[in-house]
K.L.:
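I'd like to ask some things about the structure below.
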Amino acid sequence: MKAFVYERYGPPEALRMAEVDKPSPDAGEVLVRVLAASVNAADWHVLRGRPLFSRATLGLLRPKHKVLGGDVAGQVEATGSDVARFQPGDEVYANLLDHGFGGFADYVSVPADAMAPKPANLSFEEAAAVPMAAVTALQGLRHHGELRPAQRVLINGATGGVGSFAVQLAKASGAEVTGVTSTRNLDLVRSLGADHVVDYTTTDFADGGRRYDLILDTVGNRSVRDLKRALAEGGKAAVTGFTSMRRLLGVSLRGGKDVAQVQAHVTTAELELLSELIEAGKVRPRIDRRYPFAEIPAAIAYLEQGHARAKVVIEVARG
Ligand SMILES: NC(=O)c1ccc[n+]([C@@H]2O[C@H](COP(=O)([O-])OP(=O)(O)OC[C@H]3O[C@@H](n4cnc5c(N)ncnc54)[C@H](OP(=O)(O)O)[C@@H]3O)[C@@H](O)[C@H]2O)c1
């Protein structure tokens, strides 16, 4: 089968298309024929082996996992002996971040507990846009407890992969949502359902004016002090991204109980919950760009610039 592989850490050009062995599923796994994928920040972080400390798990000198790709949607080809929930032909979506990646390929073996039936009202490309970003948004918003109606929620980075889901999920919970983005994206944030918008090129959401019960910072460009200044009494902030080691360490060392770094983990239960919201019309993935399989390096390079408008997906030819 064909796959994009890399043997050394580097830029997207380090990826090359190659013929590799088709995987065979272990007892608890499902072999999925990949019909669409999406790219995430994790793909370029892992491709570059950045931050450097991540190489302790990714492989010190060379990458342990040769094939990237966390988010996939496709059709079940075969199942392992312990898997009863899925049958060949089922349409599914999955995330492989906790399972060694492998989605930028014709086939991938996925643990059955990291996948779910594809939402019926989404195409394969739309479904592939969901797992990593939407579960991160969901777990970030719920990290400090359940969202309550009328809570004032601010999403920093409201037009990114994670942010575009977070705005919709917070709205679906009845929150009053403020989205932070740049001038060109203000209408996009409104169209996602935000009640208020903040243009970060002209306005600082952390100037102490308006305060929020919950902040989801998907960008990770603000100090703990800034985030605390923007929080109402008893408010909490969850941070999913980071723009420098200083920011990452700041949250880890000085966040306390109120400001926490969130690491998302995709499970079947989370995907099933998202499927319900999607099929009920409360959440819908937004696609910025679509790239053919052969242009996966270009898709990653585009995302790495940090200004994608929602999700970037990969179309895999069906032949
Ligand atoms: N912890 C986890 O488990 C986990 C999981 C997924 C992602 N992440 C992390 O979360 C972060 C976000 O991921 P993503 O997929 O949403 O990334 P993304 O799609 O690349 O985010 C791009 C968006 O960020 C916005 N942005 C850039 N600079 C901004 C600023 N100064 N203020 C507000 N918005 C700004 C851009 O809007 P403009 O074009 O308007 O600037 C763009 O829409 C990444 O750092 C990623 O590594 C973590």
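As a basis for the values below, the full set of heavy atoms in this structure was taken, side chains included, without hydrogen atoms, waters or symmetry mates. Since the model is a prediction, treat every value here as computed from it, not as a measurement. When a ligand or atom number is given, it counts from 1 through the structure's own listing order.
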K.L.:
In the protein, which heavy atom is nearest to atom 17 (O) of ligand 1, and how far is it?
P.N.:
G161 N, 4.4 Å

K.L.:
Are E176 and R210 close enough for a salt bridge, meaning some N to O gap below 4.0 Å?
P.N.:
yes

K.L.:
Looking only at protein heavy atoms, identify the closest one to atom 41 (O) of ligand 1 and say how far it is in Å.
P.N.:
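Here the closest protein heavy atom is Y200 OH, 2.4 Å.
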
K.L.:
Enumerate the atoms of ligand 1 whose separation from the nearest heavy atom of T218 is less than 4.0 angstrom.
P.N.:
10 (O), 11 (C), 12 (C)

K.L.:
Which residue supplies the protein heavy atom nearest to atom 45 (O) of ligand 1, what is that atom called, and how far is it?
P.N.:
G241 CA, 3.4 Å

K.L.:
Using a 4.0 Å cutoff against the non-hydrogen atoms of N156, which atoms of ligand 1 qualify?
P.N.:
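Listed by number with element, the hits are 32 (N), 33 (C).
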
K.L.:
Of V312, T136, L303, D217, which has the heavy atom at the shortest distance from atom 20 (O) of ligand 1?
P.N.:
L303

K.L.:
Only one of K236, R225, K228 passes salt bridge (Lys or Arg N to Asp or Glu O under 4.0 Å) with D258; say which it is.
P.N.:
K236

K.L.:
Just jot down the ligand 1 atoms closer than 4.0 angstrom to any heavy atom of R184, in number order.
P.N.:
39 (O)

K.L.:
Of the backbone atoms (N, CA, C, O) and the side-chain heavy atoms from C-beta on, which set of V162 has a member under 4.0 Å from an atom of ligand 1: side chain, backbone, both, or neither?
P.N.:
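Under 4.0 Å from ligand 1, V162 contributes backbone and side-chain atoms.
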
K.L.:
Heavy atom under 4.0 Å from ligand 1: found in M132's side chain, backbone, both, or neither?
P.N.:
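Near ligand 1, M132 shows its side chain, while the N, CA, C and O stay back.
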
K.L.:
Yes or no: does R309 have any heavy atom under 4.0 Å from an atom of ligand 1?
P.N.:
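The answer is no, since R309 has no heavy atom less than 4.0 Å from ligand 1.
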
K.L.:
For ligand 1, which atoms, with element, lie under 4.0 Å from some heavy atom of V262?
P.N.:
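The atoms of ligand 1 under 4.0 Å from a heavy atom of V262 are 1 (N), 2 (C).
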
K.L.:
I'd like to know whether ligand 1 has A133 as a neighbour, heavy-atom separation below 4.0 Å.
P.N.:
no

K.L.:
Taking 4.0 Å as the limit for heavy-atom contacts, which would you say applies to N40 with ligand 1: side chain only, backbone only, both, or neither?
P.N.:
neither

K.L.:
Counting non-hydrogen protein atoms only, what is the nearest one to atom 34 (N) of ligand 1? Give residue, atom name and distance.
P.N.:
G157 CA, 3.3 Å

K.L.:
Are side-chain N/O atoms of N221 and R247 paired as donor and acceptor at under 3.5 Å?
P.N.:
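The answer is no; no qualifying pair exists.
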
K.L.:
Do we see a donor-acceptor contact under 3.5 Å between the side chains of Y302 and D288?
P.N.:
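There is such a pair (donor and acceptor under 3.5 Å, judged by atom type) between the side chains of Y302 and D288.
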
K.L.:
Polar-atom distance check: A42 versus ligand 1, any N or O pair below 3.5 Å?
P.N.:
no

K.L.:
Between R254 and S223, do the side chains contain an N or O donor and an N or O acceptor separated by less than 3.5 Å?
P.N.:
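On atom types as modelled, these side chains do not qualify, holding no pair under 3.5 Å.
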
K.L.:
Between N221 and ligand 1, find which residue part has any heavy-atom pair under 4.0 Å and reply side chain, backbone, both or neither.
P.N.:
side chain

K.L.:
Please tell me whether R289 and Y291 have a donor and an acceptor in their side chains that are separated by less than 3.5 angstrom.
P.N.:
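Yes, a side-chain donor-acceptor pair sits under 3.5 Å.
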
K.L.:
Side chain to side chain contact (heavy atoms under 4.5 Å, CB included), that's the test. Do R229 and D207 meet it? Break it down for me.
P.N.:
CA-CA 7 Å; R229 195 184 311 119; D207 63 4; over 6 Å; no

K.L.:
Which is it for N185 and ligand 1 at heavy atoms under 4.0 Å: side chain, backbone, both or neither?
P.N.:
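Within the 4.0 Å criterion, N185 contacts ligand 1 through side-chain atoms alone.
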
K.L.:
I'd like to know whether ligand 1 has G220 as a neighbour, heavy-atom separation below 4.0 Å.
P.N.:
no

K.L.:
Only one of R48, R50, R55 passes side-chain contact (heavy atoms from CB on, under 4.5 Å) with Y9; say which it is.
P.N.:
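Option passing the side-chain contact (heavy atoms from CB on, under 4.5 Å) with Y9: R55.
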
K.L.:
Should R16 and E7 count as an ion pair when the cut-off is N to O under 4.0 Å?
P.N.:
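The answer is yes: the pair qualifies as a salt bridge.
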
K.L.:
Give the residue and atom name of whichever protein heavy atom lies nearest to atom 39 (O) of ligand 1, and the separation in Å to one decimal.
P.N.:
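I find the closest protein heavy atom is H307 ND1, 2.9 Å.
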
K.L.:
Which protein heavy atom lies closest to atom 37 (O) of ligand 1, and at what distance to 0.1 Å?
P.N.:
T159 OG1, 3.3 Å

K.L.:
Name the closest protein heavy atom to atom 48 (C) of ligand 1, giving the residue it belongs to and the distance to 0.1 Å.
P.N.:
T240 O, 3.1 Å

K.L.:
Can you confirm if the aromatic rings of F205 and Y212 lie within a centre distance of less than 6.0 Å?
P.N.:
no

K.L.:
Which option, S182, S164, A41, owns the non-hydrogen atom nearest atom 46 (C) of ligand 1?
P.N.:
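Going through S182, S164, A41 one by one, A41 has the nearest heavy atom to atom 46 (C) of ligand 1.
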
K.L.:
For atom 26 (N) of ligand 1, which candidate among G306, A264, S38, A308 holds the nearest heavy atom?
P.N.:
G306

K.L.:
Does ligand 1 have any atom sitting under 4.0 Å from a heavy atom of H45?
P.N.:
yes

K.L.:
Between D90 and R85, is the closest basic N to carboxylate O distance under 4.0 Å?
P.N.:
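No.
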
K.L.:
Would you say the side chains of T183 and D199 form a donor-acceptor pair under 3.5 Å?
P.N.:
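Their side chains do contain a donor-acceptor pair, which is all the 3.5 Å distance test asks for.
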
K.L.:
Answer with yes or no whether the side chains of T201 and S182 bring together a donor and an acceptor at under 3.5 Å.
P.N.:
no

K.L.:
Verify, without hydrogens or angle tests, whether Q87 (side chain) and A84 (backbone) share a donor-acceptor contact under 3.5 angstrom.
P.N.:
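Side chain of Q87 to backbone of A84: a pair is present.
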
K.L.:
Does the residue K311 have a heavy-atom contact with ligand 1, meaning some pair of atoms that are separated by less than 4.0 Å?
P.N.:
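Per 4.0 Å heavy-atom rule, K311 does not contact ligand 1.
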
K.L.:
To which protein heavy atom is atom 23 (C) of ligand 1 closest, and what is the distance rounded to 0.1 Å?
P.N.:
G160 CA, 3.4 Å

K.L.:
Any donor-acceptor pair under 3.5 Å linking the side chain of E304 with the backbone of A301?
P.N.:
no

